[in-house]
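Take a look at the structure below.
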2 protein chains.
Amino acid sequence: MIMEKIKLENSRAQMKKGVLDFAVLLVVSEGAIYAPDIIVKLKEAGLRVVEGTIYPLLNRLKESEFLEYEWKESKYGPPRKYYQLTSRGRAALRELTDGWNELSRTISNLLKK
Amino acid sequence: MIMEKIKLENSRAQMKKGVLDFAVLLVVSEGAIYAPDIIVKLKEAGLRVVEGTIYPLLNRLKESEFLEYEWKESKYGPPRKYYQLTSRGRAALRELTDGWNELSRTISNLLKK
DNA sequence: CGAGGTATATTGCAATGCAAAGAACCTTCT
DNA sequence: AGAAGGTTCTTTGCATTGCAATATACCTCG
């Protein structure tokens, strides 16, 4: 039987994993932006995210019509997909903000004992 | 190609998922307790958790030596496993509390713009 | 053209929540 | 004793998703 031990770094990573959709929508809500800059912004905020995570996630967010993108040319390489929120995306961001606030309350409830 | 749309309820659930280890350790830190009561406490705090989630999680936490248990008889059914924190568990709880505080700061960083 | 940098995408794996089903133990009622 | 129903713990199979690694394509410069 498989019975993996829990690694603490994994648990902390799991916490971050849970808020990634939310964090990406927050970053994009500040203005049109392309993937490598999203990664930089998240890192500045304290979230380490890599390409293999962000591209599938952006595709899911686009498929869900929370994000849309426009190609823009670059002086430094191939064209970039600049993402921005759709109106559905803004609604989702409000929902997820509520979810975050609920979760904060939940943990506060458990911590204050 | 598989390209699932993101469901908002799932995203909110994902957030909660990320803190489950932490939440369970917090509940157990209040005193020896068995699984169905852990579920109740989490529900009171705002986290919906079911058996198929909690039992494997408790087993992982025990395997990781964060929790230990004693069998206790019950008047209402089969004996129960009462879990409590080990010293490793208390250390893990401090680590995860730090992780939670970091995550709160991260989201604050992103929200305040 | 070749080298090196930039941008996006894909594959395979690992972790884990959960629905559903099952197993084992207990009390109560008939 | 047997049946019914509740309680407790376990297991199986599936879906989701982060990530390392790899691939693909485009761009500029020499």
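These numbers come from a predicted model, not from an experiment. Every chain is numbered from 1 and lettered A, B, ... according to where its sequence line falls, protein lines coming before strand lines.
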Hey, does [X] reach any base, or is it just sugar-phosphate, or nothing, if we go heavy atoms under 4.0 Å?
| X | value |
| --- | --- |
| B/Q14 | sugar-phosphate |
| A/K16 | nothing |
| B/A35 | sugar-phosphate |
| B/L20 | sugar-phosphate |
| A/Y55 | base |

Can you check the B/E73 CD to C/dC25 P distance for me, whole Å?
13 Å
Presence of B/S74 side-chain N/O under 4.0 Å of D/dT7 phosphate oxygens OP1/OP2
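B/S74 to D/dT7 OP1/OP2: no side-chain N or O under 4.0 Å.
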Just N and O in the side chain of A/R80: are any of them under 4.0 Å from OP1 or OP2 of D/dC27?
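For D/dC27, OP1/OP2 do not have a side-chain N/O of A/R80 under 4.0 Å.
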Candidate nucleotides [options], ranked by approach to the side chain of [X] - the nearest:
| X | options | result |
| --- | --- | --- |
| A/N59 | C/dT8, D/dT7, C/dA9 | C/dA9 |
| B/P36 | C/dT8, C/dA19, D/dC9 | D/dC9 |
| A/K81 | C/dT8, D/dT8, C/dT16 | C/dT8 |
| A/P56 | D/dC9, D/dC26, C/dT10 | C/dT10 |
| B/P78 | D/dC9, C/dG17, D/dT8 | D/dT8 |
| A/R60 | C/dA19, D/dA20, D/dT17 | D/dT17 |

Would you mind checking if A/R12 and B/E102 are paired as a salt bridge, meaning a charged N to carboxylate O distance below 4.0 Å?
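A/R12 and B/E102: salt-bridged.
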Ion pair present between B/E68 and B/K62, side-chain N to carboxylate O less than 4.0 angstrom?
no
Atom CD in A/E65, atom CD1 in B/I6: separation rounded to 0.5 Å?
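Nearest 0.5 Å value for the CD-CD1 distance: 12.0 Å.
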In this structure, CD1 of B/I54 is separated from CG of B/L42 (nearest 0.5 Å) by 5.5 Å
For B/V50 and A/Y69, take the nucleotide of DNA chain C holding the closest heavy atom to each; which residue's nucleotide lies nearer the 5' end?
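Closest to the 5' end, via its nearest nucleotide, is A/Y69.
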So, is the end of the A/K81 side chain (NZ or CZ) under 6.0 Å from the ring centre of A/Y34 and within 45° of the ring's axis?
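Not satisfied by the 6.0 Å and 45° rule.
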